[in-house]
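Working notes, beginning with the structure itself.
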Amino acid sequence: SEKWADGIRTLHGMHIHGFPNCFLMSSIQGGFTVNYPHMLDEVATHVAHIVGHALAIEKEVVETSAEAEAGWVQTILDKGVRGGIIGDQTCTPGYYNNEGKPREHFEQMVSYGNGPIPFFNLLAKWRDAGRLQAKLQLSSVEASPEGGLGQPEGYCHAKRVVGMRFWAPGAFPTMFL
């Protein structure tokens, strides 16, 4: 909640600066599709590629840069889905739209506006171009027992890349690879 006090900030809806080795699986700032398992499959493929690349170059820590995160947030603000989505203020008041009350920073809580297939293609092109290190920081830093990588206890961290933590809303609270 402290990290996102000014709105959700991710890279591709799955990487969070300041939370190394933690991947989200969500349609927020990612690719929304009515076939949620399809989105999970596409994101899992992307994450598996990143983990495989990190292992191949013997790096233990994967984290997005603040600049890449900010750039993606701007993309979401420019191209994010607007109006007519679940949780939108035009819907009947209820659980999904905070009982009809406006949410602060709602414009950052949307999915990639060009649609799921262009989003999945964007991820695939990024992987195929070998541009992971342009937006992700890969390093071999040891986690500290206090909370890992100098972060407070509770941040997602791991000593090895094979201990990454995943979170998928609506699924299991955490899944370990």
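For the single chain, residues carry numbers from 1 onward in sequence order. Computation of the quantities below employed the complete heavy-atom set of this structure, encompassing side-chain atoms and omitting hydrogens, waters and symmetry-equivalent molecules. Remember, it's a predicted structure, so these values are computed and weren't measured experimentally.
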Within this structure, what is the [atom1]-[atom2] distance for the pair [X] and [Y], rounded to the nearest 0.5 Å?
| X | Y | atom1 | atom2 | answer |
| --- | --- | --- | --- | --- |
| Arg127 | Ile50 | CZ | CD1 | 8.0 Å |
| His15 | Lys135 | NE2 | NZ | 10.5 Å |
| Glu99 | Thr92 | CD | OG1 | 11.0 Å |
| His17 | Ser65 | NE2 | OG | 7.5 Å |
| Thr64 | Gln137 | OG1 | CD | 7.0 Å |
| Ile117 | Leu122 | CD1 | CG | 12.5 Å |

Minimal non-hydrogen separation, [X] against [Y], with atom names:
| X | Y | answer |
| --- | --- | --- |
| Phe19 | Lys3 | CE1-CG, 3.8 Å |
| Ser27 | Ser111 | O-CB, 3.1 Å |
| Gly13 | Leu24 | O-CB, 3.6 Å |
| Leu123 | Met14 | CD1-CE, 3.9 Å |

- Query: Got a donor-acceptor contact below 3.5 angstrom from the Glu63 side chain to the Ile16 backbone?
  - Reply: no

- Task: Output all residues satisfying side-chain hydrogen bond (donor to acceptor under 3.5 Å, both in side chains) with Thr10, sequence neighbours left out; order by chain, then residue number.
- Result: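 Here the qualifying residues are Gln29.
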
- Residues two or more places apart in sequence or in another chain: which of them pass ring pair (Phe, Tyr, Trp, His ring centres under 6.0 Å) with His46?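 If we apply the ring pair (Phe, Tyr, Trp, His ring centres under 6.0 Å) test to His46, skipping adjacent residues, the hits are Trp126.
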
- Residues in ring pair (Phe, Tyr, Trp, His ring centres under 6.0 Å) contact with His38, at least two apart in sequence or another chain: Phe120

- salt bridge (Lys or Arg N to Asp or Glu O under 4.0 Å) partners for Glu42, two or more places apart: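 Testing Glu42 for salt bridge (Lys or Arg N to Asp or Glu O under 4.0 Å), a comparison that skips the adjacent residues, returns none.
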
Test item: [X] and [Y] side chains (from C-beta on) under 4.5 Å apart, heavy atoms:
| X | Y | answer |
| --- | --- | --- |
| Trp4 | Gln108 | no |
| Ile28 | Val110 | no |
| Phe32 | Met39 | no |
| Phe23 | Val43 | no |

- With sequence neighbours excluded, tell me which residues meet side chain to side chain contact (heavy atoms under 4.5 Å, CB included) with Gln74. Leu77, Asp78

- Residues which pass side chain to side chain contact (heavy atoms under 4.5 Å, CB included) with Ile57, listed by chain and number, not counting sequence neighbours: His53, Lys59, Gln133, Leu138

- Item | Intermediate values then yes/no, side-chain contact (heavy atoms from CB on, under 4.5 Å), Leu11 and Leu136 | CA-CA 9 Å; Leu11 171 63; Leu136 294 177; 4.1 Å; yes

- Task: Sequence neighbours left out, what pairs pass salt bridge (charged side-chain N to carboxylate O under 4.0 Å, His left out) with at least one residue falling in residues 4-26?
- Result: Arg9-Glu69

- Query: Going through the distances and angles, do Val62 and Val51 end up as a side-chain contact (heavy atoms from CB on, under 4.5 Å)?
  - Reply: CA-CA 8 Å; Val62 177; Val51 171; over 6 Å; no

